[in-house]
Each structure stands twice: as structure tokens, then as C-alpha cells.
Amino acid sequence: MATPDRYEPLPSLAGIPGWLLRKVPPARRRMAVAAVALATLAVAVAGVLVIVGAQRDERDRAAAEARAQKAGAAARRARYQREARPHSGRGPAAGELGGAAALKARRTLVAGLEAAVLADARARTRRGELEGDHRSATCSRYPKGVEPR
């Protein structure tokens with residue numbers, strides 16, 4: 001009569017590899033250890049390759065985004081350069097005038113410049129160079145200050 005195998009309960013999760021290794025016959029144990037080591041090495045190499053690929057993709061994406069941002073900024077600068085045309089005007093000289101008369105001459109000059117800027121914007125909108133509905137133009141001093149003048 002054969003003796004029954006000894007009952008050995010299943011170990012905890014951390015003990016399962018050793019328990020399985022003890023169940024393998026001694027002749028095949030070395031092959032099993034080598035196979036596990038090879039599988040571990042393959043998983044580690046695959047992990048490194050995935051991480052390196054992800055980092056390269058991130059660098060490429062960041063470089064493409066920086067190029068697109070730079071191109072967009074250059075396009076905006078070129079558009080602003082086309083849209084921002086300087087206007088000049090002539091009016092009564094305020095150099096010899098003083099007080100309210102000098103202020104009136106300056107306001108007349110500013111009103112003429114505002115009208116010229118508005119007319120230019122409307123003409124360029126009709127030609128398709130600008131977009132929008134231009135209803136008014138306002139001149140202000142440059143650079144703007146904290147205190148109104």
C-alpha cells in the first residue's frame with residue numbers, strides 16, 4: 001500500500017515561487033531558475049525601452065509645440081506689422097498759442113488723426129485686409145501713464 005502524500009497548505013503570495021520551486025524535480029530546477037531569470041531580464045529590458053521611447057516622444061512633442069508657438073508668434077508679429085500703419089497729420093501749430101487756444105488746436109489735430117485712422121481701417125476692411133466692424137478710433141498718449149492728461 002502506498003503512503004499518501006503529505007498535505008502541504010498553499011503558502012502566502014510571497015512564498016508561492018519558493019513553494020513551486022520545491023515541487024519541481026531537482027534536475028529541472030536549474031532550468032526553471034534560468035527561465036525565471038531570463039523572463040525577469042526580458043521584462044526589465046522591455047520596461048527600459050518603453051520608458052526611453054516615452055521620454056523621446058515627450059521631447060519630440062515639446063519641440064514641435066515650441067516650433068509651432070514660435071511660428072505663431074512670428075505670424076502674429078507679421079500681421080501686426082501689416083495692420084499697424086503709422087498715420088500723420090497736419091494742423092494748426094500750437095507753439096505760439098497758449099491756454100485754451102493751444103488745447104483747441106491740439107484737439108483739432110487729434111480729431112483729424114482719429115478720423116484718418118478710422119477711414120483707413122474701414123477701407124482696409126472693405127478690401128479684406130482687416131476683420132471687424134470699425135465704429136470709432138481713439139488716440140491716446142504713448143506711453144500710457146498712471147495719471148490722465
Side-chain angles (χ1 to χ4, degrees), residues 9-25 27-149:
L10 193 63
S12 67
L13 189 60
I16 288 179
W19 182 77
L20 286 175
L21 196 59
R22 284 191 303 275
K23 298 286 183 186
V24 175
R28 294 195 180 162
R29 225 175 256 173
R30 284 185 291 279
M31 283 185 10
V33 169
V36 168
L38 190 60
T40 304
L41 181 64
V43 167
V45 167
V48 167
L49 291 176
V50 166
I51 289 171
V52 167
Q55 288 174 341
R56 184 180 54 239
D57 290 346
E58 177 65 22
R59 273 193 315 269
D60 292 347
R61 187 197 59 75
E65 187 175 300
R67 283 191 303 271
Q69 197 172 33
K70 192 174 182 179
R76 273 192 308 281
R77 269 194 304 279
R79 190 182 94 219
Y80 292 160
Q81 202 70 20
R82 284 191 312 272
E83 289 178 0
R85 292 184 184 163
H87 289 274
S88 58
R90 294 183 181 262
E96 302 132 12
L97 302 175
L103 190 57
K104 183 178 178 189
R106 184 176 183 88
R107 285 186 178 150
T108 302
L109 179 62
V110 170
L113 286 171
E114 288 174 344
V117 168
L118 182 59
D120 179 56
R122 287 178 176 165
R124 288 199 283 167
T125 300
R126 282 192 298 275
R127 289 191 306 262
E129 296 175 20
L130 292 179
E131 296 177 5
D133 182 26
H134 305 286
R135 296 180 185 195
S136 66
T138 305
C139 293
S140 59
R141 74 183 183 116
Y142 181 82
K144 290 187 175 187
V146 177
E147 303 163 2
R149 290 180 88 176

[atom1] of [X]: more than 12 outside heavy atoms within 6.0 angstrom?
| X | atom1 | answer |
| --- | --- | --- |
| K70 | NZ | no |
| R29 | CZ | yes |
| L49 | CG | yes |
| R135 | CZ | no |

Pair D120 + R124: basic N to acidic O under 4.0 Å:
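A salt bridge is present here (some side-chain N lies under 4.0 Å from a carboxylate O).
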
If you measure from CG on L109 to NZ on K104, what distance do you get to the nearest 0.5 Å?
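Between atom CG of L109 and atom NZ of K104 there are 14.0 Å.
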
Any non-hydrogen side-chain atom of E114 less than 4.5 Å from a side-chain atom of L118?
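Result no, sub-4.5 Å side-chain heavy-atom pair not found.
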
Kindly give the heavy-atom pair with the smallest separation between T125 and G132, and that separation in Å.
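The answer is CG2-O, 3.5 Å.
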
